[in-house]
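As the structure is a computational prediction, the values presented were derived from the model and not from experiment. Numbering of ligands and ligand atoms starts at 1, following listing order.
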Amino acid sequence: MKIHLLYILLFTFTTAIFAQNTDESKVGSYVLPELLRAQNGEEINSSEKWNTIRRPEILKLFEDNVYGQVPDSFDKIEFKVLEQNNNALTGKATFKKVAIYVVRNKKIITIQAHLYIPNNVKKPAPVFLTINHRGGETMNPSPDNEFWPVEEVINSGYAMAGFDVKDVAPDHKTQYVNQILTKLYPEHISQPNGMRALGAWGWGAGRVIDYLETDTAVDAKKVIVVGHSRGGKAALWCGAQDQRVAMAVSNESGNSGAKLSRRNFGESVEVITRNFPHWFIPKYAEYANNEHNLPIDQHMLLALLAPRAVYVASAAEDSWADPKGQYLALAAAQPVFGLYDFKPNLPDNMPPDNEQVIHLPLGFHNRDGGHDMNLFDWRQFVKFADEYFKKNNNKK
Ligand code: GCU
C-alpha cells in the first residue's frame, strides 16, 4: 500500500515537472507589462521620473506579489575577524573568515563570510560576493573548485567573498524561518508580504557589504553580487533593492530570476511555488497558470538594477531555466538603461553558444552544457567586469 502511494506521488511529481513546455514552437504569445508607464498612466521619459515614480512602484509590486519585503533596520552590527592568513594561495591572497553579528531587539544572528583579497594590486580590489546555497564547504580555494574558482578570480585582480545562505535562512520549506526571521524579524513571518527565503538571502548579502565597507583592502563601491540558480534569483532581488551593489550576476537563475514568466517555456510559476513555497510570499502562488495576470514580469526586476551593470548567464542544455527567456528579459529591460544615456543595443537574437555579448552595462552568454556555474562562466563574469570597471590599469 505504502509503495503504491509512493508511486502515485512520484508519478504526480514527475509529470508535473516534465509537463513543462520545452518546445519552442509551443510558446504562446504574451504581452509584457509596460516598464515606462506609471500606474497613473504617466509616461516615464527621464531617469528622474524613473527613480522617483516608476522604480518605487515596481519595487513595491515585486514585494507585494513575489518576494516580500526586505527590512533594513537593526540595532547593531559588529564584525570580528575569526581567522586571517596573509599568505593564502602561496602568497597571492589574504584570506579572512569574518563573523558578522547582527542584533535586533536583543536577539543576535551570526553570518560567517569568507573573503580572499588579492595581495598583488595597487588599489583596493573590486569584489565578487557570492550568495551561496551550496554549503560553506564549496567556498574552498581548491584548483578543482570551478563553482568558486578563487585563484582564477584573484589572478584577475578581484577579491572573492561569499557566505552560506543557511546562516540567514535555511533552504527548507519550514525551517527557512529558523535564523533571521525567527530571531530578528519575527513580525515578518505572519505578514502576507513579509520577508521570505530569497529576500533573506539578499539581506545576508547586504550585511556582508556592510562588512566590506569597513575593509580598506576591498573597493566597496565595486561589489558584484553573484548567484547561481536560486542564488541568482536572490542576487537580482538583492541588487534591485540595495543600490550599493555595482553589478549583479545571475547565473542560470531561470524562473523568478532572469527568465520572463509569461514565456511558457521551462519552469513555471505553478511548479516553482509548489516545490519551493518558502522562497516567495503566498500570493505569488495565485499566479500559477495565470502568469499573464502578474503585474510585473522579470525584465522589470533586471531594470531595477539600472543604471548599474547586469550580467545574465545561461547554459544551452538548461532548458528548465529557459536561456532564451532570460535573454529576452535582458533585452526588454534596455529602455530603462536608455534613460541613463546608455545605449545598450543587444541583438534581437541570443548569441551563439559560448559567445559573450557586451553592451554596457548589460552582458550575456549562453554556455554549452548543463545547469552549473563553472570556470567558463566565471571567466565571462571577469571579462565583463573588466570592461565595466575598466580596471585593467589596476594591475601592478
Ligand atoms: C530547481 C528549481 C529552480 C532553481 C534550481 C537551483 O531546479 O526548480 O528554480 O533555480 O533548483 O537552484 O538549482
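In this structure, Ser253 contributes its side chain and Ala258 its backbone to a donor-acceptor pair below 3.5 Å.
Note: no N/O pair closer than 3.5 Å links Glu252 and ligand 1 by distance alone. Residue Trp279 has no nitrogen or oxygen atom sitting less than 3.5 Å from a nitrogen or oxygen atom of ligand 1, judged on distance alone. Residue His228 places no N or O, backbone or side chain, under 3.5 Å from any N or O of ligand 1.
Taking the six-membered ring for Trp and the full ring otherwise, the centers of Phe364 and Tyr311 sit at least 6.0 Å from each other. Aromatic rings of Tyr340 and Trp50 (six-membered ring for Trp) have centroids beyond the 6.0 Å cut-off, not under it.
For Ile272, every heavy-atom contact with ligand 1 shorter than 4.0 Å involves the side chain, none the backbone.
Remark: distances from the non-hydrogen atoms of Asn255 to ligand 1 are all 4.0 Å or more. The shortest heavy-atom distance from His371 to ligand 1 is under 4.0 Å.
Scanning the protein heavy atoms around atom 7 (O) of ligand 1, the nearest turns out to be Trp320 NE1, 3.2 Å. Among all protein heavy atoms, the one lying closest to atom 12 (O) of ligand 1 is Arg230 NE, 2.5 Å. Among all protein heavy atoms, the one lying closest to atom 9 (O) of ligand 1 is Glu267 OE1, 2.6 Å. Summary of contacts: the protein heavy atom closest to atom 4 (C) of ligand 1 is Ser229 OG, 3.3 Å.
To the nearest 0.5 angstrom, Glu317 atom CD is 11.5 Å from Asp372 atom CG.
Gln20 and Ser268 are linked by a side-chain donor-acceptor pair at a separation below 3.5 angstrom, with hydrogens and angles left out of the test. Side-chain contact check for Asp242 and Trp203: no donor-acceptor pair (N or O, by modelled atom type) lies under 3.5 Å.
Set against the non-hydrogen atoms of Phe276, the atoms of ligand 1 under 4.0 Å away are 1 (C), 2 (C), 8 (O). For ligand 1, the atoms lying closer than 4.0 Å to a non-hydrogen atom of Lys233 are 3 (C), 4 (C), 9 (O), 10 (O).
Considering His228, Glu146, Arg134, Glu252 as possible partners of Met373, the one that fulfils the side-chain contact (heavy atoms from CB on, under 4.5 Å) test is His228.
Relative to the ring axis of Phe376, Arg379 does not place its NZ or CZ within 45° and under 6.0 Å from the centre.
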